[in-house]
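I have placed the structure first, in the form of C-alpha cells, so that the comments after it can refer back to it.
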Amino acid sequence: MSSPPHTPRTPGTSPPSRTPDVLVVGGGIVGLVTAWRAAQRGLVTAVVDPGPGGGAAQVAAGMLAAVTELHHGEQTLLALNLASARRYPEFAAELTELTGQDLGYRSCGTLAVALDADDRAHLRELHALQQRSGLESEWLSGRECRRLEPMLAPGVRGGLRVDGDHQIDPRRLARALVAACERAGVVFHRVWAERLTVGRGDRATGVVTADGTTLAAGQVVLAGGSLSGRLRGVPEAVLPPVRPVKGQVLRLTMPRTHGPLLNRTVRAVVRGSHVYLVPRESGELVVGATSEELGWDTTVTAGGVYELLRDAHELVPGITELPLTETRAGLRPGSPDNAPLLGPTALDGLLLATGHYRNGVLLTPVTGDVMAHALTTGELPDEARPFTPRRFGAGPALPELPASSELSEQPV
Ligand code: GLY
C-alpha cells in the first residue's frame, strides 16, 4: 500500500506554489479526469504533457457501448463499464455546467446488425451472453432493423437494438476536461516527462522532463496511454504491461438537408472485422475502426481506409456519396486482459491509470472517481479492486531497487 496520502486543501483555494500532492504524467482524457477529480478533492495537482487534451481521444469515435462491445471472458470488466456508463449523464451534465461546453452526449442507442448467416450466428451468441449477463437488448428481424434505420442495406439479416449504449464526442470531452482542470487550479507543464525519479526509501518522487526540469510530487500517476510502459526510471516490477493497438478512423460529413442519414450508432462484424458508424448531431459521421498490432505506427493506410469504407458501404450503401473529411489513426493502450490498470503499484507513491484499451472514453467517469479515491485514501474502492496493477504479478514488496541515479539509466 502507498504511504498515507497528503492532507487535502479546501478545493478552490488559491493555486499553490508548493510541491504538488499529485503529478499526473499524461494529459489525455484519463490523465485529465484523474487530475480534475483529485483537485476537486483538495489535492494540489499538476499534469505533465506537451499537448493536454490530445492522444487517443482525438481519434476515438466515443461510443459508450458497454453492452454491444461485450466480449466473452470480459464479465469483470463489464461491471466497471456499466458503472461508468451509469455515471455518464451526470458526469456530462457536471462538466457542461462547469465549463459551458457541449460534449455532444447523445442517448440515441446502438443497433448491431448482421449481413450474413455467420454474422447472425455471432450476434445471436452475443445476445445470449448479454441476456445471461442481465443486460437489456432486443433481437430484431432485418425488416425491423430497416424500419428503424431506413438507410441500411437491404441485405441486413437481423440485429440487436441496445438503447442503453450511447455516445459522446471525445474531442469535446477532452477540451472540456482541460477547462475543468484549469478551473480547479490544476497546473499544466507542457513538456514530455522523460524519467521517473525514485528517492531514498524506494518511493516515486516525481519526474524529470525533456527540458531537464525536475518536477517533484507527493504521488505520481502514470496515465500515458499506450506510452505508459515507456517512461524511463520505472522499475521493471511495476512497469505497466501496455501495448499500442492501432485504430484507423474516418470522418465523413452528412448533409443536413434530407434528415439524418442514421438515427443511432450502427455497427457490425464484417468478414471478422468490427465496423461502426457513429452519427453526431453536428453532421459528422465517424466510421471506425481497424485493430492492428504494429507498434507505435500511426500511418493511415490505403488498405485501412479501403476496408473501412468497403465494410461501412455494405451496411449503409449511401455513405459513398458523403464527403470524406478526415482520416486518422490512434493507439489504444492494450493490456493483457483488455482491462485497465488502476491505483497504487508496489512502488510507494506511484499509481497507474492506464490500459483502458477499447474503453477509454466509456471508463472516463469511473476512472476519475476511482483514482481520486485511491489518491486520497491509498486504497482502491471495491468496484475497482479487480483492476489493481498488482494482478500482473507485481507483489507488495519490490525486489531490491538500484539507487535512484541508476534508475535513470534503465533502457525503455
Ligand atoms: N471502442 C471502439 C474501438 O476501440 O474501436
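As a basis for the values below, the full set of heavy atoms in this structure was taken, side chains included, without hydrogen atoms, waters or symmetry mates. Both counts, for ligands and for their atoms, begin at 1 and track the order of listing.
Looking only at protein heavy atoms, the nearest one to atom 1 (N) of ligand 1 is Arg358 O, 2.9 Å. If you check which protein heavy atom lies closest to atom 4 (O) of ligand 1, you get Arg332 NE, 2.7 Å.
The existence of a salt bridge linking Arg106 and Asp169 is excluded, since no basic side-chain nitrogen approaches an acidic carboxylate oxygen closer than 4.0 Å.
Under the 30°/60° scheme for interplanar angles, the aromatic rings of His274 and His71 are found to be tilted.
Which parts of ligand 1 touch Tyr276 is read off a 4.0 Å heavy-atom cut-off, strictly below it: atoms 2 (C), 3 (C), 5 (O). The ligand atoms of ligand 1 that sit less than 4.0 angstrom from a heavy atom of Ala289 are 5 (O).
Because its NZ or CZ atom is not both nearer than 6.0 Å to the ring centre of Trp296 and within 45° of the ring axis, Arg243 does not count as a cation-pi partner of that residue. Stacking of Arg190 on the aromatic ring of Phe188 is recorded, both the 6.0 Å distance cut-off and the 45° axial limit being met.
Here Met63 has side-chain heavy atoms under 4.0 Å from ligand 1, and that is the only part of it that gets that close. With a 4.0 Å heavy-atom cut-off, ligand 1 is reached by no atom of Tyr357.
If you check the side chains of Glu292 and Gln248, you find a donor sitting under 3.5 Å from an acceptor.
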